[in-house]
Every structure is written in structure tokens, then in C-alpha cells.
Amino acid sequence: MRVGGGSGPAYNRSVSDPLANRGDDRPGAEPQRAAPLPDRDLAGRVAVVTGSSSGIGRAIALELVAAGADCLVHGRENRAGAEAVAEEIRRCGRDAEVLLADLATHAAQDVLVERAWQWRGRIDIWVNNAGVDTLTGAATEWTFEEKLDALWQVDVRATMRLSRAVGRRMKQQGSGAIINIGWDQAENGMAGDSGELFAAVKGAVATFTRSLAKSLAPEVRVNCVAPGWIQTAWGKQASDYWQRRAVAESLLGRWGTPEDVARVVRFLVSPAAGFITGQVIAVNGGRKS
């Protein structure tokens, strides 16, 4: 469950040190920074990350930029957040653009794709991160049916329509990579309203990803990243029960961070993952059950 972040301290150990970057496996330990990926492995690429004005989307955008990509930042209505992310990107020496669009509507989805392509004339990386937050704010008071409608419109329908529209253009240009965001417990399920909702919605995203990968191969690679307990806005204010459960269910004994998810996305859209498509990759520290 995608539930913002912070990362652990970096360590200046030699690569010859057999303990370098192992991290601390004690229960509840702070995350350790993994070994860096090759610098600028996405140099010259153009990326779009939906829902990137905050949280996991922001972390993904900044990770792609750190690898050399230019990035279009998308938000629904949080212009201040999107502009702040774009400014961070420009300070890194990369190009950025901001587009706001409510992805619950077909018209806005179509406009986003068209304007994104007009920005640089091509898109190499598209990440469908935008999703409806039903765990915090006013949405917590919605009925089950209202939550289902909202999640279906954005998390499923927008992901499918955007992926298909973007995929056709990428296939015509001869290359591209699409990442969709799932949920690590979609296959096994979780009790309760939120578990039922997210399992159905993110299960649909995962199975759609596998089918779209077949439709767009070999020019375009399509994969799904399925986060587990990631400490975004909900996780920061979750009750003691959920704090304990998130740590207890991970083999690594800690919450995940948005940066953990972002690094996996970066790998999957990079040349190093050139033989990986149609996969659902869990980012959850390993699950005990």
C-alpha cells in the first residue's frame, strides 16, 4: 500500500569492502542508501511522470533527472508543488515542464498526451504514477462506492488510456518504456474496504500491464512496479498498529521510502533493463506473509 519518505545516510565505503551497502537489517532500522546506479544512464531521454508534484511521483521524477533525463511534471491541481519539483529539476541542470490535468476525464487525459508530446517532440519514458488518495483528507469520508468510482477513473481507466495512447506513439517512434504502479498485495488481497478496493484496482493495472507489453513488443517495454508499505503521507500519520504492522511484515524490518520505489523505476526504464518487459516487480523489502 502506497502509504513521503526520506532516505538513510550514505556511507563512504570502498567498493572492495564486502560489507559496503549491505545496510542494517535490524527490525525498525533506518534504510541505508544502496550502491549508486551508473551516472547519467538516461542522458538525453525525455520523461513524463504523472502525479509527480509530491510523494512517490516526485521521488521518481528526481531520480530520472539524476540519471540525466528531462522531465515533465504533472499534477492534478497542486501547481505550487509541481513548480517546486520543476525548480529542483532545473537546479540539477535538466529541463522541466509543468502540466496540470485532472486525469479522471478523458478530455484531460488526451490533452496531457498531446501537450507532453509537443513539449519535446518525443517521449522516451512514461510513468503512470497518478492515483486517488482515499486514505487521507476528505476522501476518508467517502462511501465505498464513491472511492471505487474515483479509483477506477484514475488508477485504472486513466492508466489504461494513457498507456495505450502513449504506447502507440512510442511504437511509431521505435522505442520507449512505460511504467505502471500497482500494489504488492493485489494478488493475495487484504481484508477490509481499502484492501478490497486496492486489490481490485491494482490487480487490474498489473494484468493490463502484462497484456500491453505483448501488444507493444518489441519496440516498447511495459512493466509494473508494485510498492508495499511505503511511508508517504498516510504512513507518516498512521496509528501505532499500522506502524508496527508495516515493519513486522517486511523481511528487512522497515518501512519503504519513495526513493526505494524511484530507484526501481529508474532501473526498469534504463538500458540495463533492456531485456525486461511484462513484469510486475514488488518493492516491499520482502514479505513475511
Side-chain angles (χ1 to χ4, degrees), residues 42-90 92-132 153-181 205 208-209 212-213 215-216 219-225 261-262 265-266 268-270:
L42 300 179
R45 306 293 176 89
V46 180
V48 175
V49 182
T50 67
S52 48
S53 61
S54 64
I56 291 175
R58 171 185 176 276
I60 292 171
L62 295 178
E63 186 69 33
L64 300 182
V65 167
D70 297 328
C71 188
L72 187 149
V73 180
H74 161 264
R76 182 172 67 92
E77 59 184 7
N78 183 10
R79 179 169 292 279
E83 293 289 357
V85 175
E87 183 57 31
E88 288 187 74
I89 291 171
R90 296 181 186 115
C92 293
R94 305 311 310 167
D95 196 10
E97 180 76 358
V98 170
L99 287 177
L100 299 185
D102 183 352
L103 298 184
T105 71
H106 289 188
Q109 295 160 18
D110 296 341
V111 168
L112 177 62
V113 173
E114 187 62 36
R115 291 182 61 188
W117 237 270
Q118 290 173 357
W119 177 46
R120 298 294 297 276
R122 65 178 289 120
I123 299 294
D124 303 293
I125 300 162
W126 188 285
V127 182
N128 286 305
N129 169 76
V132 176
Q153 287 173 353
V154 177
D155 292 59
V156 179
R157 199 166 62 183
T159 291
M160 294 180 68
R161 294 191 77 253
L162 290 171
S163 295
R164 283 167 53 83
V166 168
R168 285 192 294 269
R169 295 189 183 216
M170 286 181 169
K171 196 168 178 69
Q172 290 173 356
Q173 74 186 16
S175 65
I178 297 172
I179 299 292
N180 297 322
I181 302 296
V205 170
F208 166 71
T209 296
L212 187 67
S215 300
L216 298 180
E219 294 88 354
V220 183
R221 296 187 299 109
V222 188
N223 290 291
C224 177
V225 172
V261 179
V265 172
R266 172 179 170 177
L268 288 172
V269 301
S270 75

Determine whether a donor-acceptor pair (N or O, by modelled atom type, separation under 3.5 Å) exists between the side chain of [X] and the backbone of [Y].
| X | Y | value |
| --- | --- | --- |
| Ser53 | Gly75 | no |
| His74 | Leu99 | no |
| Arg90 | Ala96 | yes |
| Thr159 | Asn128 | no |
| Arg45 | Gly68 | no |
| Glu63 | Arg266 | no |
| Arg221 | Leu268 | yes |
| Glu97 | Ala86 | no |
| Asp124 | Val46 | yes |
| Ser52 | Val73 | no |

With heavy-atom distances below 4.5 Å as the criterion, would you say the side chains of [X] and [Y] are in contact?
| X | Y | answer |
| --- | --- | --- |
| Glu88 | Arg58 | yes |
| Asp70 | Trp119 | yes |
| Val49 | Leu72 | no |
| Ile123 | Val113 | no |
| Met160 | Arg157 | no |
| Ile179 | Cys224 | no |
| Ile178 | Met170 | yes |
| Val127 | Val48 | no |

For this session: Kindly indicate, with the supporting measurements, whether the criterion side-chain contact (heavy atoms from CB on, under 4.5 Å) is fulfilled by Arg161 and Asp110.
Result: CA-CA 9 Å; Arg161 294 191 77 253; Asp110 296 341; 3.3 Å; yes
Looking at [atom1] of [X] and [atom2] of [Y], how far apart are the two atoms once the value is rounded to the nearest 0.5 Å?
| X | Y | atom1 | atom2 | value |
| --- | --- | --- | --- | --- |
| Leu62 | Cys71 | CG | SG | 8.0 Å |
| Ser163 | Leu212 | OG | CG | 6.0 Å |
| Leu162 | Trp126 | CG | CH2 | 5.5 Å |
| Asn180 | Asp155 | CG | CG | 11.0 Å |
| Asp102 | Glu77 | CG | CD | 8.0 Å |

Exercise. Do Arg76 and Val154 pass the side-chain contact (heavy atoms from CB on, under 4.5 Å) test, and can you show the C-alpha distance, the side-chain angles, and the key distance before you say yes or no?
Worked result: CA-CA 11 Å; Arg76 182 172 67 92; Val154 177; over 6 Å; no
For this session: Locate the shortest heavy-atom distance separating Ala82 from Leu100; write the atom from each residue and the value.
Result: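 So the minimum-distance heavy-atom pair works out to CB-CD2, 4.5 Å.
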Exercise. Taking all non-hydrogen atoms of both residues, which atom of Ala104 and which atom of Gln109 are closest, and how far apart?
Worked result: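 Looks like C-NE2, 4.1 Å.
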Exercise. Do Asn78 and Ser54 have side-chain atoms, one donor and one acceptor, less than 3.5 Å apart?
Worked result: no
Exercise. Picking from Ile181, Thr209, Ile60, what satisfies side-chain contact (heavy atoms from CB on, under 4.5 Å) with Val225?
Worked result: Ile181
Exercise. Do the numbers put Arg169 on top of the ring of Trp117, so that NZ or CZ is under 6.0 Å from the six-membered ring centre and no more than 45° off the axis?
Worked result: yes
